[in-house]
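Below is one structure, written out as structure tokens; comments come after it.
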Amino acid sequence: MLDPILIRHELAATAARLLTKGFELDVVQIQSLESQRKDLQVETEELQATRNSQSKAIGQAKSKGEDIQPLLDAVANLGDQLDSKKQALEAVQSRLNELLMAIPNVPDDTVPAGKSEDDNLEVRTWGDPTEFTFAARDHVDMTSASGKMGFEEATKITGSRFVTLRGQLAQLHRALVQFMLNVHTVEHGYEEIYVPYIVNRESLTGTGQLPKFEEDLFKLDDERDFYLIPTAEVPVTNMVRDEILDAAVLPQKFVCHSPCFRSEAGSYGRDTRGMIRQHQFEKVELVMMVRPEDSWAALEELALNAETILQKLGLPYRVVNLCGGDLGFAAAKTYDLEVWLPGQGKYREISSCSNFLDFQARRMQARWRNPETGKPELMHTVNGSALAVGRTLVAVLENYQQEDGSVRIPKALQAYMGGETVISLEQ
RNA sequence: GGAGAGGUGUCCGAGUGGCUUAAGGAGCACGCUUGGAAAGCGUGUGUACGGUCAAACGUACCGAGGGUUCGAAUCCCUCCCUCUCCGCCA
């Protein structure tokens, strides 16, 4: 949520900045609702003040044994007047709030202009695209003979966009999780955390998935408003919802491994092959809660922490600065990490690292006590994947494939694979 | 699933219809006192919105949402959460 001050006093400038995200702000409607709100609020509060003082007078008169009937007559209509004003005020406020909750974050000045991913700005690359002396295959072809990656099997069990993994493939998947968690906790100073995979509506509203993106989520059939998490960002970030943290505990750095569930509505034709886009996948997520002045440095640090994983795995990648049109709803700036996939012959997103400034914090009322002012102030939140495990598995398989169909195990993972240096996918 | 007890400010805790403008205590901040500290004494101490150059001031907030009333922390209804005992259970 944007600072309402921006809407009240810098409406035109804010609307202009939102255009770079492709969002058209309804300036006229907001102005009209704002002036209605202001009038109604003043009138309502005046009526309340009258009621309060009159009621007090009645109480005093009664305790002195005076006749209170004239006083009661005087306030006879007050209740109805107040009710109707209150109702009008609430209607305007909820309409205004609805609009406000649907306004995306304002892009930072360093975000490139543009409409689609073609306009994203390459910031840096690491390594060169892997070259082979034979025709490189994709992970689907690599595993089809052995059936160790079971797309049809999972489709039988559940439906499309699910997968089963077997044997050393399942082990490699688990090894990646353990490896990532260990690097972030031991080398990067994150605290490992375990969270619920089912969250309520308030949590999803806090991080910005709701109310606008309900169709991307799996909702439970339950009278409680329960949803499967689309990312660990939701439960982890919401740990600080409605909290006022002591300055001394900032920054907070959390790493969390969790499954992620996404309905992928609206992406029916895309990435139907392989395990690039699944309804269920594992992810290791990094989340930071920081003082406002530290969030930009935190974003750089967090992105580097994610890159470290790719580097240790020896996977070629590039970093792109997302353009305005490609930026997510809550983000002020996002770096995507894109790993080289030989099977597709291109870079594919494997991590997304964003600074949300106080956008999520305002929705969550997540604050810290600033020692300089003594007041509770909104904190900043930063997060990113490090990394998406399923896509990392694909990247390892495709980049480390050998002509005989086997896959070399990157050095960093060997300890997690019982010392194995090569696994076979043929049988 | 059954029975019971609760939810009040940063924390503890009083408050069962009207000087509650939420008592009292702790903590915290500042001041006095002191050689210095502790103790003691005094003063202050929430959030949001409106208002204002700034203030004064006004409004709302006692788990959430409704209701009764001139007036609700207090009475009524619904829901959520916590704790204790019993049952069941990975």
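So you know, we letter chains A, B, ... as the sequences are listed, proteins then strands, and number each from 1.
- The side chain to side chain donor-acceptor pair (under 3.5 Å) test applied to A/Arg363 returns no partner, not counting sequence neighbours.
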Pick out the pairs of N or O atoms, protein on one side and nucleotides 65-70 of chain B on the other, that lie under 3.5 Å.
| unit_1 | atom_1 | unit_2 | atom_2 | d |
| --- | --- | --- | --- | --- |
| B/rC70 | O2' | A/Ser55 | OG | 3.2 |

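- Legend: side chain to side chain donor-acceptor pair (under 3.5 Å) pairs involving residues 165-180 of chain A, not counting sequence neighbours, sorted by first then second residue: A/Glu153-A/Arg166.
- Between A/Asn52 and B/rU21 there is no side-chain N or O to OP1 or OP2 distance below 4.0 Å.
- The side chain to side chain donor-acceptor pair (under 3.5 Å) search around A/Glu398 returns A/His139, not counting sequence neighbours.
- Within the structure, side chain to side chain donor-acceptor pair (under 3.5 Å) pairs that include any residue of residues 12-33 of chain A comprise A/Ser32-A/Gln36 (at least two apart or interchain).
- Summarising the geometry, atom CD belonging to A/Glu214 is positioned 5.0 Å from atom CZ belonging to A/Arg201; distances are rounded to the nearest 0.5 Å.
- Not counting sequence neighbours, the partners of A/Thr50 by the side-chain contact (heavy atoms from CB on, under 4.5 Å) test are A/Gln54, A/Leu78.
- Sorted by first then second residue, the ring-ring contact (aromatic ring centres under 6.0 Å, His included) pairs that include residues 205-227 of chain A, not counting sequence neighbours, are A/Phe213-A/Phe329, A/Phe218-A/His279.
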Without placing hydrogens or testing angles, list every side-chain donor-acceptor pair under 3.5 Å for residues 234-244 of chain A, not counting sequence neighbours.
| unit_1 | atom_1 | unit_2 | atom_2 | d |
| --- | --- | --- | --- | --- |
| A/Thr237 | OG1 | A/Glu233 | O | 2.5 |
| A/Asn238 | OD1 | A/Arg241 | NE | 2.8 |
| A/Asn238 | ND2 | A/Ser203 | O | 2.8 |
| A/Asn238 | ND2 | A/Val234 | O | 2.8 |
| A/Arg241 | NH2 | A/Ser203 | OG | 2.9 |

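- In this structure, of B/rU59, B/rU47, B/rG50, it is B/rG50 that holds the atom nearest to the side chain of A/Gln41.
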(message) Just to be sure I follow the notation: if a pair is Watson-Crick (purine N1 to pyrimidine N3 plus N6-O4 or O6-N4) or a G-U wobble (N1-O2 and O6-N3), each under 3.5 Å, what dot-bracket string does RNA chain B give, with | for pairs to another strand?
(response) ((((((((.[[[..)..(.....]]]((((((.......))))))(((((......))))).[[[[[..)....]]]]])))))))....

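- For residues 103-113 of chain A, every residue pair satisfying the side chain to side chain donor-acceptor pair (under 3.5 Å) rule, not counting sequence neighbours, is listed here: A/Asp108-A/Thr110, A/Thr110-A/Lys333.
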Can you give me the N/O atom pairs linking the protein to nucleotides 51-54 of chain B at distances under 3.5 Å, or say none if there are none?
| unit_1 | atom_1 | unit_2 | atom_2 | d |
| --- | --- | --- | --- | --- |
| B/rG51 | OP1 | A/Lys38 | NZ | 3.0 |

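- Taking the side chain to side chain donor-acceptor pair (under 3.5 Å) definition, one finds that A/Glu43 meets it with A/Lys85, sequence neighbours left out.
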